[in-house]
Amino acid sequence: MIRKLRLKFVAICMALVTAILAVVFFSVYLSMARNISDLSRQVLYRVSQEETIGGMTRPDISIAIGGDRVLLPYFTVNVWPSRGGGYTAQITGGTYSNLEDTEELTAILQDCLSQNRQEGTVSGYHLRYLRQDNGLYEKLAFVDMSMEQAVLRRMMGSYLVIALAALALLLGVSVLLSHWATRPVEKAWKQQRQFLSDASHELKTPMTV
């Protein structure tokens, strides 16, 4: 009985602690994901407003995460509408090479233009995009999301290790607390059993005589 009571005490404590840690972990994940996403969008706006000087582009494509500077691969495309409902595309800058006139670029542009939104993602290629209408043509800026996702996974992995260590520590504390909390009950239970044993012995002796 005492053992079951201790196990129940530990199970309740660990369930409460696990629920609290899960809420905290999920909140931290959402906060970090939102912050990294905001930093990535800032890079998109810088890239989309870049000025070409002598054929060379110099946008700031780095973001600061955890004290480190992370460079996000990017590329920009100008799109002109053409007759028949099509379009003409030209890459104007970026860190990608050999992307001009490829099937990948066509698929990326089709996915982006079909969404009819100023900002969004091309999930099939892990890209975040920003569209700017300049009247005669539309400028599209793309930033690779895989770097921000890798950074997020690495940072959340560290938090997960800390959470598991905290759970292990709290499990040991819960076991100790269960022994401390059930000690009066265990003492009372032993006294009751001793009383019943003594009473049974005292009743058996006269009956035997």
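All heavy atoms count here, side chains included; hydrogens, waters and symmetry mates do not.
Note: L30 CG to N35 CG = 11.0 Å, rounded to the nearest 0.5 Å. With rounding to the nearest 0.5 Å, the separation of CG in L160 from CZ in R153 is 14.0 Å. Atom CD of Q42 and atom CG of L44 lie 10.5 Å apart (nearest 0.5 Å).
In this structure, I12 shares a hydrophobic cluster with L16, the cluster being traced through Ile, Leu, Val, Met, Phe, Trp and Tyr side chains under 4.5 angstrom apart.
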Verdict with supporting geometry, S123 and M145, side-chain contact (heavy atoms from CB on, under 4.5 Å): CA-CA 9 Å; S123 57; M145 295 172 55; over 6 Å; no

Worked verdict on Y159 versus F25 for side-chain contact (heavy atoms from CB on, under 4.5 Å): CA-CA 8 Å; Y159 283 114; F25 187 84; 4.0 Å; yes

Residues L127, F75; criterion side-chain contact (heavy atoms from CB on, under 4.5 Å); working and verdict: CA-CA 10 Å; L127 293 171; F75 66 95; 4.1 Å; yes

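Using a 4.5 Å cut-off on side-chain heavy atoms (C-beta onward), V79 and Q90 make no contact. Within the 4.5 Å cutoff, no side-chain heavy atoms of L130 are placed close to those of L140. No side-chain heavy atom of V77 sits under 4.5 Å from any side-chain heavy atom of T92. A heavy-atom distance below 4.5 Å is not found between the side chains of Y87 and E138. The side-chain heavy atoms of I91 and T76, taken from C-beta on, include no pair separated by under 4.5 Å. Considering only heavy atoms from C-beta on, V17 comes within 4.5 Å of L167 through its side chain. Taking 4.5 Å as the limit, every side-chain heavy atom of L105 sits out of range of all side-chain heavy atoms of F142.
Residue pairs meeting the side-chain hydrogen bond (donor to acceptor under 3.5 Å, both in side chains) criterion with at least one partner in residues 105-115, sequence neighbours excluded, are D111-Q115, Q115-R117, Q115-Y129.
Scanning for side-chain hydrogen bond (donor to acceptor under 3.5 Å, both in side chains) contacts around D133 gives an empty result, with sequence neighbours left out. Shown here are the ring-ring contact (aromatic ring centres under 6.0 Å, His included) partners of Y125, two or more places apart in sequence or in another chain: there are none. Partners of D144 by side-chain hydrogen bond (donor to acceptor under 3.5 Å, both in side chains), not counting sequence neighbours, listed by chain and number: S146. When the salt bridge (charged side-chain N to carboxylate O under 4.0 Å, His left out) test is applied to E119, the partners found at least two apart in sequence or on another chain are R41.
Atom CG of L136 has 12 or fewer neighbouring heavy atoms from other residues, nucleotides or ligands inside a 6.0 Å radius.
Panel note: side chain S37, backbone A33; no donor-acceptor pair is recorded below 3.5 Å.
Residues M32 and F26 share a single hydrophobic cluster, defined by chaining ILVMFWY side chains whose heavy atoms lie under 4.5 Å apart. Side-chain heavy atoms closer than 4.5 Å link hydrophobic residues (I, L, V, M, F, W, Y) into clusters, and following such links, possibly through other members, connects L21 to L171.
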